[in-house]
Number of protein chains: 4
Amino acid sequence: MPIQKVTKNEIIAKALNVFSNKGYHNTSMSDLAAEVGLLKGSFYHYFISKEELMVQILESIDYELKSNVYPLAFHKQYPASKRMKLFLKGLSKVVIHKNGGCILGNTILETANLYPSFRHLLTTIMDGIVQSFANIYQELYSQEQSQILAQQTLMELEGAIMFSKLYSNPSIFQDFQKRMIQRVETDS
Amino acid sequence: MPIQKVTKNEIIAKALNVFSNKGYHNTSMSDLAAEVGLLKGSFYHYFISKEELMVQILESIDYELKSNVYPLAFHKQYPASKRMKLFLKGLSKVVIHKNGGCILGNTILETANLYPSFRHLLTTIMDGIVQSFANIYQELYSQEQSQILAQQTLMELEGAIMFSKLYSNPSIFQDFQKRMIQRVETDS
Amino acid sequence: MPIQKVTKNEIIAKALNVFSNKGYHNTSMSDLAAEVGLLKGSFYHYFISKEELMVQILESIDYELKSNVYPLAFHKQYPASKRMKLFLKGLSKVVIHKNGGCILGNTILETANLYPSFRHLLTTIMDGIVQSFANIYQELYSQEQSQILAQQTLMELEGAIMFSKLYSNPSIFQDFQKRMIQRVETDS
Amino acid sequence: MPIQKVTKNEIIAKALNVFSNKGYHNTSMSDLAAEVGLLKGSFYHYFISKEELMVQILESIDYELKSNVYPLAFHKQYPASKRMKLFLKGLSKVVIHKNGGCILGNTILETANLYPSFRHLLTTIMDGIVQSFANIYQELYSQEQSQILAQQTLMELEGAIMFSKLYSNPSIFQDFQKRMIQRVETDS
DNA sequence: TATGAATGAGCGTTCATTCAT
DNA sequence: GATGAATGAACGCTCATTCAT
């Protein structure tokens, strides 16, 4: 009976971290194998290729967001500001890695034009995030306006993470979060 | 004088394009050499390394922006909206490449943590852009408010380009531009 | 278990030969790989770099000499001349390669100023050889005198090999050996 | 009228130094050109190849020794010890370079088996040096004995330089010189 | 004579991937 | 399932050399 040193999910979680920190092309299969304590050859028992690994990482992100994060934006009894706060927190936990930035933004910029298999997943995820933001905004704005604001919010989020990375200053992203929460606060 | 097939500036211009489209790590010196019609080995007559080439690309961007683009934001006799329009147009010409996105954003996400020589130039450039936006906003807002808006604008710009790239839809970035121009329009 | 075409020790033995014949800088990793029937890339499974390979070669020489050669100079029941004879024979077997000369001398002249990691091993080995010669001489000479003679012997040995190589004439080295044996002969 | 920045002899002198310090294979034509203040391309106006340059260096050493150094060993009115002293001094000046060792020994070990054009010159030079030593010894020894001692002296000289290099200790070579002078001293 | 751009082969090294055990 | 040896292409870069100007 062969021993199993790791599970696919463990690999996905660790590989996500490595990719976030080093980028797709700058991460080697050796790096990934080392991170999970396997040898390079063993790695291919779990994922047939580097590309397939990234696909499954993105799929797991999609699943995680759908299961645990999007619902935070749809909590009917919470006010918009609370939903915004919880949603941003949940989103950050899944998708943002300290110093490494946002796996989505990183992967879009580095690979969107190269791997159609990535692009489809990335659009699905980005759409999901936008719709969640839009739902929050609809407490205060028209549907059309909410849609626009939602997209802007995600854009600014990605930009804020980029700035945080460039200046090695996490408070840039924290300020962004505060701004977004305030925007939907109705201090009546 | 020996035959010269290319100039350093031509190389910088073409390499900028290739890096924009393929990313830093995914671009090989062969790719770059082929783009300008040289062999890999010949390329090293112009740039001693891939890293140095990128440094010089970023320096040339910095120079170009300082010479021709930042001034557009400081035109005293133009109204804010016109300055915003001209500035965004100038900025786009230097820094954004169709399908490839923004060389600044790409390079920040892919290399900011790896190459200190890049980071310093990138912060210089980003600071310059933010100050230019801030100057435009100061026609309508307080200095403090302008500063914040300027940074937000650049963040959203980078996010907008990311979306344009992901969805292969240039109008996302164009809509962003319109929004920014409207924001400083005073319909008097 | 994966197929294994060679062992590390086989590589060390063959690489020692190639380095001896061609010199450190004039030997390419392809040369070495070809010698053991591997491709260049496969070579790096055994040694992470050319420098590390040479380090391990020198380490294996040090080990071999300590295990099997130095003891020949310390045989208490043998007379000095017999010990000299056996020691020179043992030394030659480990360190001298036909036509290629002495790996120690070659490596000292070519790399001593370039690779500190080599230099340390080379001094260790040279010291060990000198001490062995000194021990032989102590049967006939004072300790101080033996020390000087021992160093001279090793110097002349390296010079003799250099001459043998230059004139493609092995008898120059053989004559040297006879001379050294006679020097410690006490025909009583 | 084209300017001439350097003379062939200047190049030979400087190239000799560089080769002594870095070795033949580890010295690039760029290194040599830089040392004499030329560009690589210009270098080929003086020497058609790296190999030809080394040939001319060896030829110039041969000429220099014949003109100015060998005669020191044949001074009829000087005693052997004085001739030995002067000869060793003259030889060192031409052939030994601080830290870099002896160009003859270096070149023999690194290239003797590769370049027949080098080998012939090197044997000529080594023969010349041996004959000079032999002439000195003939004041005290038989012709046959002198011949053997002369060859041993040159061997030990090369070995002494090797040791000096390995241990970064010039006094090893100086001690060798003293020993050789004492050997032919007749304190009558 | 001097230049320096260009060449094309080769360097040491790393890569994603394969596969016999 | 895990190993790690092997692959072969590609990497960034350097080499000795050529040659139009």
Side-chain angles (χ1 to χ4, degrees), chain A residues 1-8 25-33 37-53, chain B residues 1-8 11 25-33 36-53, chain C residues 1-8 11 25-33 36-53, chain D residues 1-8 25-33 37-53:
Chain A
M1 224 177 343
I3 32 162
Q4 172 144 359
K5 300 181 74 172
V6 288
T7 67
K8 250 181 127 162
H25 291 105
N26 193 43
T27 297
S28 74
M29 292 300 262
S30 288
D31 293 335
L32 297 166
L38 284 175
L39 292 185
K40 222 177 2 165
S42 314
F43 207 89
Y44 283 81
H45 283 286
Y46 296 88
F47 302 95
I48 62 167
S49 71
K50 191 179 176 182
E51 184 175 347
E52 172 64 13
L53 168 59
Chain B
M1 251 174 305
I3 39 164
Q4 174 143 6
K5 302 178 78 170
V6 288
T7 68
K8 240 181 136 163
I11 296 179
H25 290 105
N26 193 43
T27 298
S28 75
M29 290 303 261
S30 283
D31 292 336
L32 296 166
V36 299
L38 288 174
L39 290 182
K40 201 172 33 157
S42 313
F43 207 88
Y44 285 82
H45 274 279
Y46 296 90
F47 301 95
I48 62 168
S49 71
K50 190 181 179 181
E51 183 175 349
E52 173 64 13
L53 168 59
Chain C
M1 250 175 304
I3 40 163
Q4 173 144 6
K5 302 179 77 170
V6 287
T7 67
K8 237 180 141 169
I11 296 180
H25 290 105
N26 193 43
T27 298
S28 75
M29 291 302 262
S30 285
D31 292 336
L32 297 166
V36 300
L38 288 174
L39 291 184
K40 203 171 33 156
S42 313
F43 208 88
Y44 286 81
H45 273 280
Y46 295 89
F47 301 94
I48 61 168
S49 71
K50 189 181 178 182
E51 184 175 347
E52 174 64 13
L53 168 59
Chain D
M1 221 172 355
I3 32 163
Q4 173 142 1
K5 300 181 72 172
V6 289
T7 66
K8 254 183 121 158
H25 290 104
N26 194 42
T27 297
S28 75
M29 292 300 261
S30 288
D31 292 335
L32 297 166
L38 285 175
L39 292 183
K40 224 182 352 171
S42 315
F43 207 89
Y44 283 81
H45 284 286
Y46 296 89
F47 301 95
I48 61 169
S49 72
K50 190 180 178 182
E51 183 176 348
E52 172 64 13
L53 168 59

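Protein chains get the first letters and strands the later ones, always in sequence-line order, with residue 1 at the start of each.
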inquiry  = By nearest heavy atom, map G41(C) and L39(B) onto DNA chain E; which one lands nearer the 5' end?
reply    =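 With G41(C) and L39(B) compared, the 5'-side residue is L39(B).
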Which of these nucleotides, [options], is closest to any side-chain atom of [X]?
X	options	answer
V6(B)	dT14(F), dG12(E), dA6(E)	dA6(E)
S30(C)	dA2(E), dC11(E), dG4(F)	dC11(E)
Y44(D)	dG8(F), dT7(E), dT18(F)	dT18(F)
S28(C)	dC11(F), dG12(E), dG4(F)	dG12(E)
H45(C)	dC13(F), dA6(F), dA6(E)	dA6(F)

task = Check whether any side-chain nitrogen or oxygen of S49(B) sits under 4.0 Å from OP1 or OP2 of dG12(F), and answer yes or no.
result =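 Checking dG12(F) against S49(B), no side-chain N or O comes under 4.0 Å of OP1 or OP2.
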ask   = With both distances under 3.5 Å as the test, what is the Watson-Crick or G-U wobble partner of dG8(F)?
value =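 Paired with dC15(E).
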So what does [X] touch, heavy atoms closer than 4.0 Å: a base, only the sugar-phosphate, or nothing?
X	answer
T7(B)	nothing
S42(C)	base
Y46(B)	sugar-phosphate

query = Atom CG of L38(D) and atom OH of Y46(D): how far apart are they, to the nearest 0.5 Å?
reply =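 With rounding to 0.5 Å, CG (L38(D)) is 5.5 Å from OH (Y46(D)).
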inquiry  = To the nearest 0.5 Å, what is the distance between CG on L39(B) and CE on M29(B)?
reply    =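 Rounded to the nearest 0.5 Å, the CG-CE separation comes out at 13.0 Å.
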request  = Report the distance from atom NZ of K50(A) to atom P of dT18(E), rounded to the nearest whole Å.
outcome  =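 These atoms are roughly 15 Å apart.
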task = Round to the nearest Å and state the distance from M29(C) atom CE to dA9(E) atom P.
result =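 Interatomic distance, CE of M29(C) to P of dA9(E): 23 Å.
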key: Check: L53(A) and F43(A) side chains under 4.5 Å, non-hydrogen atoms   =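 F43(A) vs L53(A): side chains touch.
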ask   = Would you find a donor on one side and an acceptor on the other, under 3.5 Å apart, between the side chain of K50(B) and the backbone of T27(B)?
value =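 A pair under 3.5 Å: yes.
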message = I'd like to know if K40(B) reaches the base of dG12(F) with its side chain, counting only an N/O donor and acceptor under 3.5 Å.
response =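 Pair found.
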